[in-house]
Amino acid sequence: IRQLRALYWLPRATETELHHTYRGVTISTVTVHRTVGFTCCMVLRLAVVVFLGYAGAKWLVDTQNLEELLLNCTALTFVLQIDEVLFRSLGPMRFQSLVKHLEPLTFTHPSKGWNP
């Protein structure tokens with residue numbers, strides 16, 4: 001939720017602008033299309049996490065013995081982390097480096113001056 005809130009408060013422009021600083025890379029402006037795409041990805045990601053959390057917990061509760069429980073926990077962990085493994089192994093190195101050095105988005109309400 002904080003990522004979406006911070007993204008929506010970023011200024012809109014015709015191009016997304018990234019600035020390299022001594023601490024890393026910051027996003028100064030973002031396009032409307034990227035905002036919509038990011039929002040869709042976050043909603044889908046939330047839906048997958050909720051579904052996998054519910055289905056995985058139900059699956060683990062229905063496990064009868066300890067050996068199967070350990071095996072099922074390992075399988076569930078693999079399923080939950082497969083996106084990170086695929087990104088590290090198949091993602092372009094340039095994009096991986098950008099993601100690694102990207103500073104977190106911060107949200108400061110312009111009229112109240114607070115950062116939740």
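Residue numbers run from 1 in the order of the sequence given. Because only heavy atoms are used, hydrogens play no part in the values below, and waters and symmetry mates are left out as well, while side chains stay in.
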Are V49 and Y54 grouped together when hydrophobic residues (ILVMFWY) are joined by side-chain heavy atoms under 4.5 angstrom apart? no
Give the cluster check for L70 versus V61: same hydrophobic cluster or not, with ILVMFWY residues linked at side-chain heavy-atom distances below 4.5 Å. no
How long is the straight-line distance from NE2 of H33 back to OG1 of T14, given to the nearest 0.5 Å? 11.5 Å
Distance col, row W59:CH2 vs N72:CG, nearest 0.5 angstrom, shows 4.0 Å
R12 side chain vs L10 backbone, donor-acceptor pair below 3.5 Å: yes
Under 4.5 Å between any side-chain heavy atoms of Y8 and T39, yes or no? yes
Nearest atoms (heavy-atom pairs only) where L69 meets L60: CD1-O, 3.8 Å
Test side chain to side chain contact (heavy atoms under 4.5 Å, CB included) applied to L4 and F38, step by step: CA-CA 8 Å; L4 284 175; F38 184 78; 3.8 Å; yes
Cut-off 3.5 Å, side chains only: do T26 and H19 have a donor facing an acceptor? no
List the atom of M42, the atom of Q3, and the distance in Å for their closest heavy-atom pair. CE-OE1, 3.3 Å
Compare all side-chain heavy atoms of R34 with those of L7 and state whether any distance is below 4.5 angstrom. no
If you look at every heavy atom in T31 and T35, which pair is closest and at what distance? O-OG1, 2.9 Å
Would you name the heavy atoms of T16 and V30 that are closest together and state the gap between them? OG1-CA, 3.7 Å
Distance, nearest 0.5 Å, that separates CG of L66 from SG of C73: 9.5 Å
CZ/R23 to NE2/H101 distance, rounded to the nearest 0.5 angstrom? 14.0 Å
Hey, does the side chain of T29 reach the backbone of E17 with a donor-acceptor pair shorter than 3.5 angstrom? yes
Kindly work out whether a path of hydrophobic side-chain contacts (I/L/V/M/F/W/Y, heavy atoms less than 4.5 Å apart) joins L90 to I82. yes
Are L102 and F87 in one and the same hydrophobic cluster, where Ile, Leu, Val, Met, Phe, Trp and Tyr link if side-chain heavy atoms are under 4.5 Å apart? yes
Just wondering, more than 12 heavy atoms not from Q96 lying within 6.0 Å of its CD? yes
Under a single-linkage definition using a 4.5 Å side-chain heavy-atom cutoff for Ile, Leu, Val, Met, Phe, Trp and Tyr, are V36 and I27 assigned to the same hydrophobic cluster? no
Output the distance between atom CG (L71) and atom CG (L76), rounded to the nearest 0.5 Å. 11.5 Å
Is a donor on one side and an acceptor on the other found under 3.5 Å between the side chain of E67 and the backbone of N65? no
P11 and S28 have their tightest heavy-atom pair at CD-O, 3.3 Å
